[in-house]
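Scroll down for the structure; my scribbles are underneath it.
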Protein chains: 2
Amino acid sequence: MSARSRELHVTAEARVRAAGQRYTSARRQLVEILDRAGSPLPLPAILGRHGDLKQSSVYRNLAALEQAGVVRRVITDEDFGRYELTEDLTGHHHHLVCSNCGAVEDVDFASGFEDTLEAQLAELAERTGFSTVSHRLDLIGLCRTCAAASA
Amino acid sequence: MSARSRELHVTAEARVRAAGQRYTSARRQLVEILDRAGSPLPLPAILGRHGDLKQSSVYRNLAALEQAGVVRRVITDEDFGRYELTEDLTGHHHHLVCSNCGAVEDVDFASGFEDTLEAQLAELAERTGFSTVSHRLDLIGLCRTCAAASA
DNA sequence: ATGAGTGCAAAGGCTTTGCATTAGG
DNA sequence: CCTAATGCAAAGCCTTTGCACTCAT
């Protein structure tokens, strides 16, 4: 296991315990799965990668991890919810969402752009009265596979 | 009725008919409701503003309008789906989403920023192999009301 | 022992769908 | 007339929940 991964679990465990819950092996595995995936995973995929843990338990554990600030549920227009590690664990990023197959890929922008974006958000917050705490920028398009298939 | 509104219905009707369906008075009313709202409306709100049209019919009509490219379903983390007119009818815009009450408000960025954003997206599309067709930038924060209440 | 986690099954809640009826072209 | 739209009720589907059992502390 990499140093980064070890670090991840230490942080995750701390948060889960701070939330008054246990860092079970099941939860550890879920964090591991999401970390390895590197992009938001739909529930069936999580279920499939965790040999033996029933669906209801997966939901409950994900809810626990979400409450502890380790996992967040990503909203998509698919049937199943997708889950990823929170940004303060993985770093700020954006999503490329395939409008055809639903695949989601993590991506980063040039840092300069991210700054410009922040500035715009601040301006917007002031103009509208919203206290902006975060943003969510998703790109919708066709992934390589679907683009090739439809060509 | 404003000239813009008349224009809107003409376009909407054309699309619905092109999709092989009728521009019913019920559908016309739905378009009217969404146009007046000026921001994505959750289903209960739509139902409430349309005196007499059963829930299943509202769903069916929204689906028809969506298929015709007049309406689009907005993804949120709320229980109910939200609906708005498509961007080519209302113009490109973004959403301010209140993380507390779920309120959604439409907003625009400075046009210069929008250009920068497009450039970044083009660069990203090239780098990742995604054919980006659109983007969706939502700001999550506290709306005026909720910010005041929690202060 | 004592509370948390798990499995199983049932319930929930939004959305969709089948079917008979009604209305629009 | 003929097809589409509507209402009503039932079904679907993801997700949540109740309850008894097991496991870890």
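This one's a predicted model, so the numbers in the text were calculated from it and none came from an experiment. The chains referred to below are lettered A, B, ... by the order of the sequence lines, with proteins before strands, and numbering in each begins at 1.
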- prompt: Sequence neighbours excluded, which residues qualify as side-chain hydrogen bond (donor to acceptor under 3.5 Å, both in side chains) partners of E78(A)?
  reply: T76(A), R82(A)
- request: Go through the structure and list residues passing side-chain hydrogen bond (donor to acceptor under 3.5 Å, both in side chains) with R60(A), not counting sequence neighbours.
  value: none
task: Indicate yes or no for a side-chain donor-acceptor contact from T128(B) to the backbone of L124(B) under 3.5 Å, with no hydrogens or angles considered.
output: yes
- prompt: Does D88(B) have any salt bridge (Lys or Arg N to Asp or Glu O under 4.0 Å) partners at least two apart in sequence or in another chain, and if so, which?
  reply: R15(B)
message: Whole angstroms only, please: what is the CG-C1' distance between D79(A) and dG13(C)?
response: 15 Å
query: Residues two or more places apart in sequence or in another chain: which of them pass ring pair (Phe, Tyr, Trp, His ring centres under 6.0 Å) with Y23(B)?
result: none
query: Got a sec? Which of residues 60-77 of chain A come in under 4.0 Å of DNA chain C, heavy atoms?
result: R60(A), N61(A)
Euclidean distance, atom CD of residue Q21(A) to atom C1' of dT25(D) [Å, nearest integer]: 16 Å
statement: Applying side-chain contact (heavy atoms from CB on, under 4.5 Å) to A147(B) and not counting sequence neighbours gives S131(A), L142(B)
Give each protein N/O atom lying under 3.5 Å from an N/O atom of nucleotides 21-25 of chain C, with the pair distance.
none

message: Under the salt bridge (Lys or Arg N to Asp or Glu O under 4.0 Å) definition, can you give me all pairs with a residue in residues 34-50 of chain B, not counting sequence neighbours?
response: R4(B)-D35(B), E32(B)-R36(B)
- request: Nearest whole angstrom, please: distance from the P of dG5(C) to the CG of L30(A).
  value: 12 Å
query: By ring pair (Phe, Tyr, Trp, His ring centres under 6.0 Å), which residues pair with H92(B), not counting sequence neighbours?
result: H94(B), H135(B)
field: Residue list, side-chain contact (heavy atoms from CB on, under 4.5 Å) with E126(A), at least two apart or on another chain
entry: none
field: Length of the CZ-P vector between F80(B) and dG12(C), whole Å
entry: 16 Å
message: What residues from residues 41-57 of chain A pass a heavy-atom cutoff of under 4.0 Å to DNA chain D?
response: Q55(A), S56(A)
field: Residue pairs fulfilling salt bridge (Lys or Arg N to Asp or Glu O under 4.0 Å) with at least one residue in residues 16-27 of chain A, sequence neighbours excluded
entry: E13(A)-R17(A)
